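Before any comments, here is the structure.
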Protein chains: 2
Amino acid sequence: MAGGERRSQILREAMNLFSKHGFRGTTTKEIAQASGVSEAMVFRHFATKEELYNAILDYKVCATGTEHPEELLREIASGKDDRFVFETLALRALEFHKSDPEFQRLLLHSALEGHQLARMFWERMVLHIYEILGNYIRERQKEGAFREVDPLVVVRAFTGMLIHHSLNNNLWDKEQTLLKISNEDAAREFTDILLRGITANKSNDNTGKSVRFKIQQPEKKSGKR
Amino acid sequence: MAGGERRSQILREAMNLFSKHGFRGTTTKEIAQASGVSEAMVFRHFATKEELYNAILDYKVCATGTEHPEELLREIASGKDDRFVFETLALRALEFHKSDPEFQRLLLHSALEGHQLARMFWERMVLHIYEILGNYIRERQKEGAFREVDPLVVVRAFTGMLIHHSLNNNLWDKEQTLLKISNEDAAREFTDILLRGITANKSNDNTGKSVRFKIQQPEKKSGKR
DNA sequence: GTCTATATAGCGATAGAC
DNA sequence: GTCTATCGCTATATAGAC
């Protein structure tokens with residue numbers, strides 16, 4: 001078999017195993033067997049196990065980079081259709097994690113082991129999402145469409161719903177015995193909750209809905225209970 | 001040192017190391033050194049490494065069981081003060097994960113490694129939360145306080161915000177460079193978003209707020225987009 | 001209870017033939 | 001490019017002295 005082909009085959013199998021058992025939990029022997037070659041072959045293509053792992057992380061991050069580019073994110077958020085923005089984002093995230101559960105596992109292992117993928121992903125993806133989506137929310141607040149609430153908290157809340165839901169499906173409840181719902185429905189419901197949750201009191205609507213809030217707020221700034 | 005004392009000391013150190021590096025990532029030698037004893041001592045108290053791990057998981061699950069009993073959960077949800085229910089729950093969850101970040105890491109490692117702690121935790125905690133909180137929501141829907149939406153989806157959304165936020169603080173952004181917020185404030189904001197997100201259209205209020213929704217909903221039940 | 005010393009197995013990685 | 005054989009090391013676990 002040609003060098004490049006074999007290499008990518010080993011990479012694929014290793015990716016699968018690392019995502020299942022983590023870096024330390026996967027042996028080079030297992031990788032070799034899964035790839036149908038001897039251990040020596042693995043080390044011919046990748047000098048060390050660490051190098052193999054890095055190659056995977058690079059590959060995954062790059063592949064994700066093209067799938068989840070900040071450009072696209074920016075484009076989605078460039079409109080003013082709140083429902084479209086949040087629901088599209090949600091559906092894309094849910095579909096991504098569904099189509100590639102390996103990635104989430106790899107990412108988690110990496111974060112737990114303190115590996116660099118975690119940091120790379122954080123810097124390349126997470127920060128951008130918070131920045132772009134945060135800015136979108138901030139703008140809509142200025143326009144009076146969203147109520148006053150820390151945009152970063154809103155992003156945290158929304159990504160929390162999405163990532164936690166994906167994590168549930170990928171890690172905890174793969175058969176979805178507890179909650180079975182299509183990604184389309186989930187994206188819509190989560191968006192529903194969030195948008196109603198942050199829509200401003202005054203009727204100022206562009207989602208095809210007319211929403212009114214009249215709120216008496218005797219709340220203290222720092223709620224104690 | 002007395003047997004029981006030494007045993008619990010080893011258990012503590014092992015817990016710390018396992019939470020940091022996972023099962024396979026932690027060596028018995030490290031555990032012994034951290035405990036200030038020889039490796040032989042570790043194996044005197046725990047026949048195998050696996051047994052030590054199980055002891056930890058048992059301990060953690062039991063300790064958590066007393067901290068997070070379903071009774072308390074039920075009691076919290078027995079009232080009809082929506083804000084109190086959700087905010088108290090949120091604050092407790094956030095405080096718990098903050099006070100014991102080890103647990104979340106241990107749980108995650110366990111889930112990734114397919115260990116039994118994950119299943120135990122799922123059955124003892126997660127199912128109860130979904131059941132009890134889901135029932136609460138269902139009741140409030142019957143009373144017309146909450147709009148019609150799958151209660152399980154609401155629980156998923158809310159727990160998603162909380163767990164993901166804790167995970168961020170414990171795993172990804174320990175210094176909270178991206179979003180620094182007290183647990184009290186976070187609990188309040190998340191509750192705010194959720195409650196506004198699921199409050200019914202008609203004014204039917206018991207949270208000290210008067211809320212009005214007027215919504216034209218040409219939505220299909222199973223949304224395709 | 002605690003240690004040193006050791007058994008045994010599996011790991012990552014290499015040598016060298018083909 | 002691919003293999004078998006093997007090295008050096010570290011891992012879990014045990015034996016036996018004190």
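Because the structure is a prediction, the values reported are computed rather than measured. Note on naming: letters A, B, ... go to the chains in the order of the sequence lines (proteins, then strands), and numbering restarts at 1 for each one. Only heavy atoms go into these numbers, but all of them, side chains included; no hydrogens, no water, no symmetry mates.
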> Around atom CD of A:E123, are there more than 12 heavy atoms of other residues, nucleotides or ligands at under 6.0 Å?
Replying inline: yes

>> side-chain hydrogen bond (donor to acceptor under 3.5 Å, both in side chains), that's the test. Do A:Q9 and A:R12 meet it? Break it down for me.
In response: CA-CA 5 Å; A:Q9 187 199 4; A:R12 254 197 328 276; 5.7 Å; no

> Strictly by modelled atom types, are A:E50 and A:H115 linked by a side-chain donor-acceptor pair under 3.5 Å?
Replying inline: yes

>> Generate the contact string for nucleotides 11-18 of chain D. Rules: B means base contact, S means sugar-phosphate contact only, - means no protein heavy atom under 4.0 Å.
In response: SBBBB---

> Please give, in whole Å, the distance from C:dG12 P to A:I10 CD1?
Replying inline: 14 Å

>> Between C1' on D:dT4 and CE on A:M41, what's the gap in Å once rounded to a whole number?
In response: 14 Å

> Does B:R7 have a side-chain nitrogen or oxygen under 4.0 Å from the phosphate oxygens OP1 or OP2 of C:dG1?
Replying inline: no

> side-chain hydrogen bond (donor to acceptor under 3.5 Å, both in side chains) between B:H165 and A:R156: does it pass, once the steps are laid out?
Replying inline: CA-CA 7 Å; B:H165 182 60; A:R156 176 70 45 97; 2.9 Å; yes

>> With a 4.5 Å cut-off on side-chain heavy atoms, are B:L171 and A:L108 touching?
In response: yes

